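Notes for the one structure printed next.
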Amino acid sequence: MTALPPRLEAVYSELDKAKTTNGRIIDVGSDHALFSIACLQNQITGFAIATDINKAPAERSKQALMNAGFEKQSAVYNTDGITGITICN
């Protein structure tokens, strides 16, 4: 697993206690989707939603998730926070 910055590691450690492969996480301000990838790789969640307000970081997140093999277990939105995203199927 790629090392997470301390802020993301703190959130990850809390989620690790409540693993739910049926749930979803939202990685707001995803930039490179490090958090989403870590949660998917370690089966913290079965689906990750990554958002970023800027197009380039959203594209980086999408590419990183594809490179990690999680394109079918993720969605990336170029949006402000959670505006306009679908959380449930």
Side-chain angles (χ1 to χ4, degrees):
M1 177 174 94
T2 302
L4 295 172
R7 174 181 59 87
L8 293 179
E9 183 61 43
V11 175
Y12 176 87
S13 67
E14 291 301 313
L15 283 176
D16 192 32
K17 297 173 189 173
K19 286 185 180 182
T20 173
T21 56
N22 294 327
R24 293 177 173 224
I25 60 102
I26 301 176
D27 184 1
V28 177
S30 62
D31 195 31
H32 290 78
L34 296 177
F35 186 73
S36 295
I37 292 168
C39 288
L40 289 164
Q41 283 177 337
N42 295 292
Q43 300 176 346
I44 302 294
T45 189
F47 197 88
I49 299 168
T51 72
D52 205 286
I53 194 169
N54 295 307
K55 186 176 181 177
E59 288 297 321
R60 281 194 301 268
S61 291
K62 185 175 183 175
Q63 189 63 49
L65 285 157
M66 286 176 41
N67 291 345
F70 295 120
E71 61 272 10
K72 292 185 179 182
Q73 294 116 311
S74 63
V76 178
Y77 295 85
N78 180 203
T79 188
D80 182 6
I82 61 171
T83 302
I85 65 169
T86 302
I87 296 173
C88 299
N89 288 343

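Keep in mind the model is a prediction, meaning the values are calculated, not measured.
The minimum heavy-atom distance between Ala58 and Val76, with the atom names listed, is O-CG1, 3.3 Å.
One distance of note links CD1 of Ile44 with OG of Ser36; it measures 12.5 Å at 0.5 Å rounding. Distance check, rounded to the nearest 0.5 Å: OG of Ser13 to CG of Leu4 gives 10.0 Å. Asn54 CG to Asn78 CG: the interatomic distance, rounded to the nearest 0.5 Å, is 7.5 Å. Rounding to the nearest 0.5 Å gives a distance of 7.5 Å between OG1 of Thr79 and CD1 of Ile53. Atom CD1 of Ile82 is separated from atom CD1 of Ile26 by 5.5 Å, given to the nearest 0.5 angstrom.
Checked against side chain to side chain donor-acceptor pair (under 3.5 Å), Asp52 has no partners two or more places apart in sequence or in another chain. For Asp80, there are no salt bridge (Lys or Arg N to Asp or Glu O under 4.0 Å) partners two or more places apart in sequence or in a different chain. Residues satisfying the side-chain contact (heavy atoms from CB on, under 4.5 Å) test with Lys72, not counting sequence neighbours, are none.
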Only distances under 3.5 Å count here; give the side-chain donor-acceptor pairs of residues 28-35 to other protein atoms, sequence neighbours excluded, each with its distance to 0.1 Å.
residue	atom	partner	partner atom	Å
Ser30	OG	Thr51	O	3.3
Ser30	OG	Ser61	OG	2.7
Asp31	OD1	Arg60	NH2	2.6
His32	NE2	Arg60	NE	3.4

Can you list, pair by pair, the side-chain donor-acceptor contacts under 3.5 Å of residues 62-70, counting residues two or more places apart and other chains?
residue	atom	partner	partner atom	Å
Gln63	NE2	Asn67	OD1	2.9
Asn67	ND2	Gln63	O	3.4

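Ile37 and Leu8 are not part of a single hydrophobic cluster, where members link through side-chain heavy atoms under 4.5 Å apart.
Between Leu40 and Thr45, some side-chain heavy-atom pair lies under the 4.5 Å cut-off.
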